[in-house]
> 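Take this structure, written in structure tokens, and hold onto it; I'll ask about it next.
Whatever order the structure lists ligands and atoms in, that order sets their numbers, starting from 1. Here the structure is a predicted model, which means the values were calculated and not measured.
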Amino acid sequence: MPEPPYDLVVIGSGPGGYVAAIRAAQLGLKTACVEKYPSLGGTCLNVGCIPSKALLDSSEHFWNVRHDLEAHGIRASAELDLATMLARKDRVVNDLTRGVEGLFRKNRVERVTGTGRIASPGVVEVRGAEGRRMLSTTRILIATGSKPVALPGIAIDDRRIVHSTHALNLPEVPKRMQVIGAGAIGLELGSVWMRLGSEVTVLEQMDRVVPGMDRGSGALLQRSLETQGMKFRLGVTVRAARRVGEEVLVEVAEAGATREEVCDVLLVAVGRRPYTDELGAREAGVELDAHGRIQVDERYQTRVPGIFAIGDVIAGPMLAHKAEEEGIAAVERMAGHAGHVAYECVPNVVYTWPELASVGLTEEQAAERGLAVSIGTFPFLANGRARAMGEREGQVKILADARTDRILGAHILGPRASDLIAELATAMEMGASAEDVARSVHAHPTLPEAVKEAALAVAKRALHI
Ligand code: FAD
Ligand code: NAI
């Protein structure tokens, strides 16, 4: 039998798929990456991480001019040019997706445009504008990602009743916006439109915002967003919603009663589901769990030899960097190396202002595992750089094993928490103790000094509080 022309065919070019393809090519595997959309980069680059952050950054400038500059002695007024803001976001996306094309060329990853379907364990059928093509390969890596979850009784119309993709492109600032779900998407995109002038109300079924994250930090974030004008209704369920003319009628159940409310745009942000439509995975013998996630072993191999899966389409947090690390680990193991993902050290960030970032265990999770922890906290109110910036809210919280002092988790609410969490994620990867971080020299005056002080506070010897 002749060798198949490809060592690896990756289906999907999101952060999981494209990074896996590049790493595989670096390791000498002849690799193709199949993507059904004309632009590479998947959810993350096209309709996720990047456009949302571009709008968060733009709307933050707008907000700062209106609310924060005066305190710095700068009098300025701001007028919104939404079309330009959206066009800038599109340019950022376009530049980055073109960048992935360049990386594919540089690394000799073959890009195949069309919808991929597993015809058999060694064959991917691709249907695209140029017709049908069969790719024979030794291995297949499924990296087909996820799509938004729909709610029964709520039909998305892409205009007034929307999910995240359309909330990145609203043609005008809605006067009243309701958001179902106080998760990352609800709070980030809710923040964008609130900063641009919308009255935003978030409807959440649980009794807290960002339910998977540290409870105390989530409560502080909620308070902070409320101060900015965002409204929260917790413990409520949306039964149905329908468009009436240019408005949306939302049926909300709260404390045993149901009533109809009106808004101009309803954003449904209640999670994402693994995406395996048209893939032929099940037919090829790949096993899916009750949530539709592809089941894999520790090598990311499905129960069908030669078919692997990574990223949002398998279990675990739906995060771009988790997908990337899995892609790298999967192909490194295919090539005989020792790929590994330290799942306990995967950071998670909500890019509101202040930002909420976490890594490792929460207090609740530590208690569930019967772990005794020492906790150190330090408020940004007492950090010189934060005060110079005009930032007073939030804190760094570090959880360390009470017996060994090893860092088990960290939760930061505050300015640039997304950047600050990296130090603690790295410390956890290295098995560092709170003492290790506390004794490391941190430049002054910087926000990371708050991390050092929280590490000192674990041993009850913070210096500046
Ligand atoms: P995806 O990025 O979903 O890529 C899958 C790709 O596969 C897609 O391009 C799809 O078209 C393609 N595909 C699917 N089926 C086929 C097929 N049969 N044939 C060919 N191609 C196919 N995560 C973060 O870590 N940080 C953030 O700040 C962040 N912000 C987000 C903001 C929003 C609004 C959203 C929606 C998500 C955000 N995420 C964020 C989540 C992040 O986008 C995902 O976790 C990440 O994109 C998952 O990567 P993936 O490679 O598994 O899949
Ligand atoms: P999510 O799972 O983060 O949050 C969904 C929220 O909706 C939860 O709080 C849940 O309790 C609530 N909810 C579910 N059903 C509901 C209902 N019927 N009524 C009211 N509330 C309901 O999902 P989200 O925000 O849609 O994001 C999807 C995925 O994308 C997440 O897994 C997230 O990790 C990822 N993402 C990551 C970002 C980041 O890393 N900054 C940004 C945006 C998305």
> Every pair of nitrogen or oxygen atoms between ligand 2 and the protein that is under 3.5 angstrom apart - can you list them with their distances to 0.1 Å?
unit_1, atom_1, unit_2, atom_2, d
ligand 2, 9 (O), Glu204, OE1, 2.6
ligand 2, 9 (O), Glu204, OE2, 3.3
ligand 2, 11 (O), Glu204, OE2, 2.6
ligand 2, 21 (N), Gln205, N, 3.2
ligand 2, 23 (O), Gly271, N, 3.3
ligand 2, 25 (O), Ala184, N, 3.3
ligand 2, 25 (O), Ile185, N, 2.9
ligand 2, 26 (O), Gly271, N, 2.8
ligand 2, 34 (O), Met318, O, 3.1
ligand 2, 40 (O), Val349, O, 3.3
ligand 2, 41 (N), Glu188, OE2, 2.7
ligand 2, 41 (N), Val349, O, 2.6

> Check each heavy atom of Ala184 against ligand 1 and say whether those closer than 4.0 Å belong to the side chain, the backbone, both or neither.
neither

> Please confirm whether Ala320 comes within less than 3.5 Å of ligand 1 when only nitrogen or oxygen atoms on both sides are compared.
yes

> Going by distance only, is there an N or O of Leu279 that falls short of 3.5 Å from an N or O of ligand 1?
no

> Is there at least one pair of N or O atoms, one from Tyr275 and one from ligand 1, spaced under 3.5 Å apart?
no

> Ile11 heavy atoms, cut-off 4.0 Å: which ligand 1 atoms fall inside?
17 (C), 19 (N), 20 (C)

> Tell me the contacting part of Lys53 for ligand 1: side chain, backbone, both, or neither, using a 4.0 Å heavy-atom threshold, strictly below.
side chain

> Check Arg272 against ligand 1 and report side chain, backbone, both or neither, counting heavy atoms closer than 4.0 Å.
side chain

> Under 4.0 Å from any heavy atom of Thr115, which atoms of ligand 1 are there?
18 (N), 19 (N)

> Only heavy atoms of Ala143, strictly under 4.0 Å: list the atoms of ligand 1 that pass.
5 (C), 6 (C), 7 (O)

> Taking non-hydrogen atoms only, is Ser164 closer than 4.0 angstrom to ligand 1 via side chain, backbone, both or neither?
side chain

> Got the closest protein heavy atom to atom 9 (O) of ligand 1, with its distance?
Glu35 OE1, 2.6 Å

> In terms of atom number and element, which parts of ligand 1 are under 4.0 angstrom from non-hydrogen atoms of Tyr351?
28 (O)

> Relative to ligand 1, is Val47 under 4.0 angstrom through side chain, backbone, both or neither, heavy atoms considered?
backbone

> Kindly confirm or rule out an N or O of Gly48 lying under 3.5 angstrom from an N or O of ligand 1.
no

> Provide the number and element of each atom of ligand 1 under 4.0 Å from a heavy atom of Ser146.
3 (O)

> Please work out, at 4.0 Å between heavy atoms, whether the side chain, the backbone, both, or neither of Ser52 comes within that distance of ligand 1.
side chain

> Test of understanding: given a 4.0 Å heavy-atom threshold, classify the contact between Ala323 and ligand 1 as side chain, backbone, both, or neither.
side chain

> Between Glu344 and Arg369, is there a side-chain N and carboxylate O pair less than 4.0 Å apart?
no

> Is Arg215 salt-bridged to Glu363, cutoff N-O under 4.0 Å?
no

> So, do Arg139 and Asp7 sit near enough that their side-chain heavy atoms are less than 4.5 Å apart?
yes

> Please report whether ligand 1 has a polar contact with Asp277, defined as an N or O pair separated by less than 3.5 Å (distance criterion only).
no

> Could you tell me which atoms of ligand 1, counted from 1 in the order shown, lie closer than 4.0 angstrom to a heavy atom of Val34?
20 (C), 21 (N)

> Decide whether an N or O pair under 3.5 Å exists between Asp312 and ligand 1.
yes

> Could you pull out, from Gly116, Cys49, Gly327, the option with a heavy atom nearest to atom 38 (C) of ligand 1?
Cys49

> Where does Leu168 meet ligand 1, judged by heavy-atom distances below 4.0 Å: at the side chain, the backbone, both, or neither?
neither

> Which ligand 1 atoms are under 4.0 Å away from a heavy-atom of Cys44?
2 (O), 43 (O), 47 (O)

> Distance under 4.0 Å to a non-hydrogen atom of Gly42: what atoms of ligand 1 satisfy this?
2 (O), 4 (O), 8 (C), 9 (O)

> If the threshold is 4.0 Å, N to carboxylate O, is there a salt bridge linking Arg242 and Glu260?
yes

> Of Gly128, Cys33, Gly311, Pro15, which has the heavy atom at the shortest distance from atom 49 (O) of ligand 1?
Pro15

